[in-house]
Number of protein chains: 2
Amino acid sequence: MCIIVSHKLMKQITINECVEHCRASGLRRTKALKELLITFLESKRPMTLNELADSPRMVDQCDKATIFRLLRRLIEHGMVRRLGLHERAAYFTLLIPGSHHDYLICTRCGTIEQVNAPCPVHALENEIREKTGFRDLYHELEFFGICPSCC
Amino acid sequence: MCIIVSHKLMKQITINECVEHCRASGLRRTKALKELLITFLESKRPMTLNELADSPRMVDQCDKATIFRLLRRLIEHGMVRRLGLHERAAYFTLLIPGSHHDYLICTRCGTIEQVNAPCPVHALENEIREKTGFRDLYHELEFFGICPSCC
DNA sequence: GTAATTGCAAATACTTTGCCACGTA
DNA sequence: TACGTGGCAAAGTATTTGCAATTAC
């Protein structure tokens with residue numbers, strides 16, 4: 001069995017899988033849905049609503065509100081995730097030297113608490129610093145889930 | 001030497017240190033600044049602008065615009081950090097089963113790229129799942145820094 | 001035919017700035 | 001006194017919704 005698959009073919013497979021998954025979830029097979037999925041698969045990094053709407057595939061193709069509602073449906077069906085711990089608003093944190101914290105957030109009630117455990121990413125951070133040449137490196141680590149009270 | 005310090009005293013020390021640090025950076029010793037720092041130190045978790053403005057210490061005390069500008073100054077002086085990889089807008093990402101990525105973001109030019117290394121937090125994630133009873137746990141990990149092109 | 005989806009425009013919400021008064025150094 | 005800071009109000013930008021028209025099934 002051949003495990004060497006062209007990226008194009010791979011993408012094609014994944015797109016069809018994605019569309020089928022959406023169909024199975026009750027979504028309709030619309031052009032906007034397919035184009036959005038392709039845009040995501042081609043991007044390799046998280047995208048904002050504006051970036052999605054302005055991408056070559058979607059501009060002049062469908063309204064920003066449509067993409068917004070598509071994203072919402074895809075999130076509801078677990079196919080898309082909205083990054084970060086914000087509900088619209090930005091979060092700020094005080095930086096105390098020598099004090100780093102990771103957070104555990106309930107996606108249902110929104111509670112944010114500190115994780116009281118040694119942060120396991122320092123080694124990777126050092127590796128990245130050495131290999132990429134990035135300066136002033138730091139990281140953010142958040143765990144999300146449904147807390148016992150909300151289960 | 002006594003290492004047992006009351007939380008209240010500890011906080012007092014930290015607040016004074018913070019205020020002094022601000023003074024050394026050229027900021028003025030205003031009431032709003034001190035109240036904001038105390039609010040942060042009392043919260044133990046990241047806060048939004050609205051949360052800060054509505055907190056008991058700050059409500060009816062100073063304007064939201066004032067807090068906004070204070071936060072901006074504190075960020076400029078490296079005493080506060082704004083969480084997440086957003087410049088105002090939310091980021092979305094497609095969820096492909098079995099595919100997890102961490103990201104490396106340049107805080108100067110905004111470039112976002114995938115980190116091609118095994119993610120080191122699975123063990124901690126399992127530990128959190130067992131110890132806290134959170135369900136449907138997942139995590140986000142981002143590294144921030146200044147990329148070689150921007151240095 | 002029916003129900004989901006879309007476009008357009010309007011409403012919300014969060015963020016940011018202008019301007020002048022005020023307080024800190 | 002001089003300049004950073006504050007309050008208030010308005011502007012700017014992102015998100016979200018209402019409704020009628022359209023499209024997928």
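Chain letters run A, B, ... following the sequence lines, proteins first, then strands; residues in each count from 1.
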Between atom CD in B/Glu35 and atom P in D/dG7, what is the gap in whole Å?
12 Å

From the options C/dA25, C/dT5, C/dT6, select the nucleotide whose nearest atom is closest to the side chain of A/Arg28.
C/dT5

Say you draw a straight line from NZ of A/Lys64 to CG of A/Asp54; how long is it, rounded to the nearest 0.5 Å?
6.0 Å

Should A/Glu42 and A/Arg57 count as an ion pair when the cut-off is N to O under 4.0 Å?
yes

Please report the distance, rounded to the nearest Å, between CD1 in B/Ile67 and P in D/dC8.
13 Å

Within this structure, what is the CZ-to-C1' distance between B/Phe68 and D/dG12, rounded to whole angstrom?
12 Å

Interatomic distance, B/Asp63 CG vs C/dA21 P [rounded to whole Å]:
17 Å

Among the nucleotides C/dC8, D/dC25, D/dA14, which one has an atom lying closest to any side-chain atom of A/Arg88?
D/dA14

Rounded to whole Å, the CG-P distance (A/Leu49 to D/dT13) equals 16 Å

What is the distance, rounded to the nearest whole Å, between atom NZ of A/Lys64 and atom P of C/dA9?
14 Å

Check for me, please, whether B/Leu83 and A/Phe144 land in the same ILVMFWY cluster - side-chain distances under 4.5 Å, paths through other members count.
yes

Reckon B/Thr66 has a side-chain N or O less than 4.0 Å from the OP1 or OP2 of D/dT5?
no

For C/dT6, take OP1 and OP2 only and decide whether either is under 4.0 Å from a side-chain N or O of A/Arg73.
yes

Closest to the side chain of B/Ala65, out of C/dT5, C/dA25, D/dC8, is D/dC8

Quick one: is B/Arg72 getting a side-chain N or O under 4.0 Å of the C/dT17 phosphate, OP1 or OP2?
yes

Would you mind reading off the distance between A/Asn50 atom CG and D/dT15 atom P, rounded to a whole angstrom?
7 Å

Phosphate contact (C/dT6 OP1 or OP2) by A/Thr30 side-chain N/O below 4.0 Å:
yes

